[in-house]
Amino acid sequence: QSQSWNYRIYAGPKDLDILVLDEPALGQVTDGDLSWFSGIGKLLLGVLRTLEKVTGNFGWAIILMTFCIRALLFPLNRRSQTSMARYQSKMKRVQPKIDAIKKKYANDRAELNKAQQKLMQEEGIFPPLGGCLPIFIQMPIFFGLFSALRTSFDLRQAPFMGYIQDLSRPDALLPWDAGFSLPMVGEIVSFNLLPIIMVIMWVLQQATMPKPADEQAARMQRMMMFMPVMFTFFFLFFPSGLVLYWLVSNVVTLIQQTLIYKALEKKGLHSK
């Protein structure tokens, strides 16, 4: 026997307005692409589209959106830095007592920890819980934007300026005819400038942070200095629009930190 079926096929961009206009349930297509970050991803895409209408360029729209995000996070970042500066100031004040305790209990780790905890309680010194809060808040924004740029057609072949003519792909300042592979990284087919500039600004941002008074925090800060270098290899494959966001975010954060530290210096809570 013979049988026939009729299908309606749509071949085009995943424009949420077009899909939902035909069938509201088709909105789940973009939700599935954005995965866990569908809510924040759709919000960021809406903001980007609005800013693109104002600037006429998605690259400048990303930069303007980054300024808005950093402005919203500035009060939280300032409060976090102030709390950390007060904690470091107290730690410097009691450092001689801590050194004396370490000398006294050099061969007894358990008593050393117990004496240090007792000293901290007596002096009212507790590590600020919100020290990493700005980073944790920014990470969903980063992953939401990553999902949005990876799945949205808006930035496909969308130019920014100069040699960056497609914000959905790596910037590729110097493409190579024959790429080379790195273990656990993948094939490198071009020299991408934006990730290099981003890492430099990230390292500068880390370098401006105050030096911790306690040894454990100082060791952790030294380890954090290697994070930008490690992330370089991941950002080589990211869309240039996403790297542009992270680069501008680091620049704005560096400026904000400088202003915050100058204000803390006037209060005697920060020293270079």
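One-based numbering along the sequence shown.
- When the side-chain contact (heavy atoms from CB on, under 4.5 Å) test is applied to Q1, the partners found at least two apart in sequence or on another chain are Q3.
- For K114, the salt bridge (charged side-chain N to carboxylate O under 4.0 Å, His left out) test picks out E111, with sequence neighbours left out.
- Hydrophobic clustering (side-chain heavy atoms under 4.5 Å, transitive across Ile, Leu, Val, Met, Phe, Trp, Tyr) groups I197 together with L174.
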Next item on the list: Could you check F235 against V199 for side chain to side chain contact (heavy atoms under 4.5 Å, CB included), going step by step and ending with a plain yes or no?
Entry: CA-CA 9 Å; F235 277 90; V199 169; over 6 Å; no

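- Side chains of S249 and T253 form a contact here, defined as non-hydrogen atoms less than 4.5 Å apart.
- Considering CZ of R78 and OH of Y261, their distance stands at 14.0 Å, rounded to 0.5 Å.
- Pairing each heavy atom of A61 with each of E52, the nearest pair is CB-N, 3.7 Å.
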Note to self: Using side chain to side chain contact (heavy atoms under 4.5 Å, CB included), reason through I164 and R169 one step at a time and then give a plain yes or no.
What the structure shows: CA-CA 9 Å; I164 303 177; R169 297 175 58 84; over 6 Å; no

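- Under the rule for a salt bridge (charged side-chain N to carboxylate O under 4.0 Å, His left out), the partners of R8 that lie at least two apart in sequence or sit in another chain are D22.
- Smallest separation of non-hydrogen atoms from L247 and M198: CD1-CA, 3.6 Å.
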Item checked: Q157 and S168: CA distance, side-chain angles, deciding distance, side chain to side chain contact (heavy atoms under 4.5 Å, CB included) verdict -> CA-CA 7 Å; Q157 299 179 353; S168 67; over 6 Å; no

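- Between atom CD1 of residue I255 and atom CD1 of residue I260 there is a gap of 12.0 Å, rounded to the nearest 0.5 Å.
- Although no hydrogens or angles enter the test, the distance criterion places a donor-acceptor pair under 3.5 Å between the side chain of N250 and the main chain of W246.
- Qualifying side chain to side chain donor-acceptor pair (under 3.5 Å) partners for D171, counting only residues two or more places apart in sequence or in other chains: Y163.
- For R156, the side chain to side chain donor-acceptor pair (under 3.5 Å) criterion is met by no residue, not counting sequence neighbours.
- Of the N and O atoms on the side chains of T55 and N57, not one donor lies less than 3.5 Å from an acceptor on the other residue.
- The salt bridge (charged side-chain N to carboxylate O under 4.0 Å, His left out) test applied to K118 returns no partner, not counting sequence neighbours.
- Connection of M65 to V243 is established within a shared hydrophobic cluster, with ILVMFWY side chains joined at heavy-atom distances below 4.5 Å, either directly or through further cluster members.
- Looking at residues two or more places apart in sequence or on another chain, you find a side chain to side chain donor-acceptor pair (under 3.5 Å) between D154 and R49, S152.
- Using a 4.5 Å cut-off between side-chain heavy atoms of Ile, Leu, Val, Met, Phe, Trp and Tyr, with links allowed through other members, F237 and I196 fall into the same hydrophobic cluster.
- Other residues, nucleotides and ligands contribute more than 12 heavy atoms inside 6.0 Å of the CG atom of D99.
- Counting only heavy atoms from C-beta outward, the side chains of Q256 and L73 never approach each other to under 4.5 Å.
- Annotation: side chain to side chain donor-acceptor pair (under 3.5 Å) contacts of S240 (sequence neighbours excluded): none.
- No path of Ile, Leu, Val, Met, Phe, Trp and Tyr side chains, each step under 4.5 Å between heavy atoms, connects V47 with L45, placing them in separate hydrophobic clusters.
- For L204, the side-chain contact (heavy atoms from CB on, under 4.5 Å) partners are I200, M201, L254, not counting sequence neighbours.
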Margin query: Could you walk me through whether L48 and L44 satisfy the side chain to side chain contact (heavy atoms under 4.5 Å, CB included) test, starting with their C-alpha distance in whole Å, then the side-chain angles of each, then the deciding distance to 0.1 Å, before giving a yes or no?
Written below: CA-CA 6 Å; L48 273 179; L44 293 174; 5.6 Å; no

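- In terms of the salt bridge (charged side-chain N to carboxylate O under 4.0 Å, His left out) criterion, R79 has no residue partners (sequence neighbours excluded).
- Considering every non-hydrogen atom in both G59 and L167, the closest pair reads N-CD1, 3.4 Å.
- Within the model, atoms CG of N107 and CG of L112 stand 10.5 Å from one another, a figure rounded to the nearest 0.5 Å.
- Closest of all the heavy-atom pairs between K102 and Q116 is CE-NE2, 3.5 Å.
- Checked options W60, Y245, F58; the residue passing with F160 is W60 (criterion: ring pair (Phe, Tyr, Trp, His ring centres under 6.0 Å)).
- Remark: the N113 side chain and the Q117 side chain contain no N/O donor-acceptor pair separated by less than 3.5 Å.
- Two different hydrophobic clusters hold V54 and M161 under the rule that ILVMFWY side chains link at heavy-atom gaps under 4.5 Å.
- From L194, atom CG reaches atom CG of L173 across 9.0 Å, with rounding to the nearest 0.5 Å.
- Sorted pairs that involve residues 2-25 and meet ring pair (Phe, Tyr, Trp, His ring centres under 6.0 Å), not counting sequence neighbours, are lacking altogether.
- One distance of note links NZ of K262 with OG1 of T258; it measures 7.0 Å at 0.5 Å rounding.
- Judged by distance alone, with hydrogens and angles left aside, the side-chain atoms of N192 form no donor-acceptor pair with the main-chain N or O of P170 at under 3.5 Å.
- Residues that satisfy the side-chain contact (heavy atoms from CB on, under 4.5 Å) test with F67, not counting sequence neighbours, are I63, V248, V252.
- Atom CG of residue L155 and atom CG of residue D166 lie 8.5 Å apart, to the nearest 0.5 angstrom.
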